[in-house]
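In what follows, a structure is listed as structure tokens, so that the remarks can point back to it.
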Amino acid sequence: MELIRKLSELPPAARGGAVAIGNFDGVHRGHAKIVERLAERAGEVQGPAVVFTFDPHPVQLLRPQQTPPPLTWTERKAELLQGLGVDYMVAYPTDQELLALEPEEFFQRIVLDALQAKAMVEGPNFYFGHDRRGTIEVLRKLTGSAGIPLNVVAPQTYDGEYVSSSRIRQAIAQGRVDEACRMLTEPYRIRGMVTHGAKRGGQLGFPTANLDAIDTLRPAEGVYAGRAWMDNQPRPAAINIGTNPTFAETRQKVEVHIVGLNESIYGQPLEVDFLARLRDIQPFGSREALVEQLRRDVQQAVELVGKQ
């Protein structure tokens, strides 16, 4: 799958297919249903399956103080969409000019002129154009006038409620990563750069990689079971997010103990999946009590990862 950041770089092969427009943050089960139908429509019109998304999120320009923390970075989003069957993803560099376009102008400039769409697929809560004036009904009229078939895919539900990026964001912010995983197409993942820490984990027999420069939503404080990705291979990991009250450390940290890793990875990027929350952050009365709990954490993490 090809990731395109400028419409001027759009290859001819990316035109004349089925198009879905949206943020696709997190790439959840609802998005998967849209892409499933998108791929079907692309086959019917004998063209590519194209997702047009925005980088950054339009809210970041319109209401920066209300910008939700993202669930995925652009390259990860492209990777997930590729796995679902998308041929091209356009990550359009959002600017004020784009946001000022009326729905009719957006449809003409992006959908007709640039992408030359022959079919469109959207969810029922799709909005586009200046002040979100373009509703799904407006889109239905525009596609009808242009002779382009439009499919509106019903939202997916989990536990009786609609699956959405905002609902997943809330679950992650509250530490319910297992629930988030059931709504996402792949486990929730963060990335960061491994930096120096206090080296206390190594002194306890559980060395950790301290992650910094994380650009997506951090799960709530707690200890988690997950997977760390090394050379495209997953390794079981126990992840600590928060402070270290046993040693009176108050700085918030993300520490990843990668099971079986002995070499230093300082200065390298690291991606980590979250599978389940194991426990709260808590102080321990002694070093020995802490070490014993860390052993249990690692054992649980290994067992949980083995079941995935």
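Here the structure is a predicted model, which is why all the values come from computation and not from measurement.
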| task | Kindly give the heavy-atom pair with the smallest separation between A220 and Q174, and that separation in Å. | result | CB-C, 3.7 Å
| query | Going from CD on E255 to OG1 on T208, what distance comes out if it is rounded to the nearest 0.5 angstrom? | reply | 4.5 Å
| Heavy atoms, side chains only, cut-off 4.5 Å: are H257 and P207 in contact? | yes
| query | Is there a path of hydrophobic side-chain contacts, each under 4.5 Å between heavy atoms of I, L, V, M, F, W or Y residues, that connects M193 with V272? | reply | no
| With side chains defined as the heavy atoms from C-beta onward, is the minimum distance between F54 and L98 less than 4.5 Å? | yes
| said: Side chains of Q170 and R176, heavy atoms from C-beta outward: is any pair under 4.5 Å? | reply: yes
| Between D55 and T74, does any side-chain donor sit less than 3.5 Å from a side-chain acceptor? | yes
| request: Please test L150 against V152 for side chain to side chain contact (heavy atoms under 4.5 Å, CB included), starting from the C-alpha separation and ending with a verdict. | output: CA-CA 7 Å; L150 169 66; V152 180; 4.2 Å; yes
Side-chain polar contacts of residues 263-271 - donor-acceptor pairs under 3.5 angstrom, sequence neighbours left out - could you list them?
unit_1: S264; atom_1: OG; unit_2: Y266; atom_2: N; d: 3.3
unit_1: E271; atom_1: OE1; unit_2: R189; atom_2: NH1; d: 3.0

| task | Please report the closest heavy-atom contact between V298 and V259, naming both atoms and the distance. | result | CG1-CG2, 3.7 Å
| message | Count I, L, V, M, F, W, Y as connected when their side-chain heavy atoms are under 4.5 Å apart, and connections chain through other members. Are V50 and I110 then in the same cluster? | response | yes
| message | Does atom CD (E9) have a neighbourhood of more than 12 heavy atoms from anything else shown, all under 6.0 Å? | response | yes
| field | ILVMFWY cluster, L71 and V254 together (side-chain gap under 4.5 Å) | value | yes
| field | Side chains of T72 and D25, donor plus acceptor under 3.5 Å | value | yes
| query | Is a side-chain N or O of Y188 found less than 3.5 angstrom from the main chain of L217, in a donor-acceptor match? | reply | yes
| query | Among the clusters formed by ILVMFWY side chains lying less than 4.5 Å apart, do L80 and Y92 turn up in the same one? | reply | no
| said: T243 vs R251, test: side chain to side chain contact (heavy atoms under 4.5 Å, CB included). Steps then yes/no. | reply: CA-CA 6 Å; T243 62; R251 188 169 71 88; over 6 Å; no
| query | Is it true that R37 and E44 make a salt bridge, defined as a side-chain N closer than 4.0 Å to a carboxylate O? | reply | yes
| said: Please check this pair: side chain of T185 against backbone of V27, looking for a donor-acceptor N/O pair closer than 3.5 Å. | reply: yes
| Just checking, is any N or O donor in the side chain of Q282 or Q293 under 3.5 Å from an acceptor N or O on the other one? | no
| message | To the nearest 0.5 Å, what is the distance between CG on L142 and CD on E104? | response | 5.5 Å
| remark: Between P48 and A13, the two heavy atoms sitting closest are CG-O, 3.2 Å
| said: Rounded at 0.5 Å granularity, tell me how far CZ in R277 sits from CD1 in I172. | reply: 13.5 Å
| task | Would you indicate whether the side-chain heavy atoms of H196 and N210 approach each other to under 4.5 Å? | result | no
| Minimum heavy-atom distance P187-C181, with the two atoms named | CA-SG, 3.6 Å
| said: A side-chain contact here means heavy atoms from C-beta on lying under 4.5 Å apart; do L278 and L304 qualify? | reply: yes
| Are Y224 and F274 close enough that their ring centres sit under 6.0 Å apart? | yes
| Is it true that a side-chain atom of R167 and a backbone atom of E161 form a donor plus acceptor pair closer than 3.5 Å? | yes
| Is there a donor-acceptor pair under 3.5 Å between the side chain of T53 and the backbone N or O of N23? | yes
Which donor-acceptor pairs under 3.5 Å do the side chains of residues 132-140 make with protein atoms, sequence neighbours left out?
unit_1: R133; atom_1: NH1; unit_2: E102; atom_2: OE1; d: 3.0
unit_1: R133; atom_1: NH1; unit_2: E102; atom_2: OE2; d: 2.7
unit_1: R133; atom_1: NH2; unit_2: D131; atom_2: OD2; d: 3.4
unit_1: T135; atom_1: OG1; unit_2: E137; atom_2: N; d: 3.3
unit_1: T135; atom_1: OG1; unit_2: V138; atom_2: N; d: 3.2

| said: We want to know whether R29 and Y158 form a side-chain donor-acceptor pair, criterion being a heavy-atom distance below 3.5 angstrom. | reply: no
| task | Output yes when E303 and K307 qualify as a salt bridge under the 4.0 Å nitrogen-oxygen rule, no when they do not. | result | no
| Between R182 and E179, is a salt bridge (Lys or Arg N to Asp or Glu O under 4.0 Å) present by the stated rule, with each step listed? | CA-CA 5 Å; R182 288 191 282 272; E179 182 178 326; 5.5 Å; no
| said: I'd like to know whether V51 forms a side chain to side chain contact (heavy atoms under 4.5 Å, CB included) with L38, so could you lay out the CA-CA distance, the side-chain angles of the two residues, the decisive distance to 0.1 Å, and finally the verdict. | reply: CA-CA 9 Å; V51 164; L38 182 73; 4.0 Å; yes
| request: Before accepting this row, confirm whether a basic side-chain N of the pair R5/E75 lies closer than 4.0 Å to the acidic partner's carboxylate O. | output: yes
| query | Is F24 linked to L84 within one hydrophobic cluster, defined over Ile, Leu, Val, Met, Phe, Trp and Tyr using a side-chain heavy-atom separation of less than 4.5 Å? | reply | yes
| said: Quick check: closest heavy atoms across V177 and L275, and the distance to 0.1 Å? | reply: CG2-C, 3.9 Å
| said: Rounded at 0.5 Å granularity, tell me how far CG in L10 sits from CD in E2. | reply: 8.5 Å
| Is it true that E97 and R109 have a side-chain N and a carboxylate O under 4.0 angstrom from each other? | yes
| Where V19 and I21 come nearest, the two heavy atoms and their spacing | CG1-CG1, 3.9 Å
| message | To the nearest 0.5 Å, what is the distance between CZ on F107 and CG on L112? | response | 4.5 Å
| said: If you apply the rule side chain to side chain contact (heavy atoms under 4.5 Å, CB included), what do you find for R218 with I190, and how did you get there? | reply: CA-CA 8 Å; R218 295 188 186 191; I190 66 171; 5.7 Å; no
| field | Parallel, tilted or perpendicular, as decided by the 30° and 60° cut-offs, for the rings of F106 and F52 | value | perpendicular
| Should V111 and M120 count as side-chain neighbours, where that means a heavy-atom distance under 4.5 Å? | yes
| Does any N or O in the side chain of R235 come within less than 3.5 Å of the main-chain N or O of W229, such that one atom is a donor and the other an acceptor? | no
| message | I need the L3 CG to Y88 OH distance, nearest 0.5 Å. | response | 12.5 Å
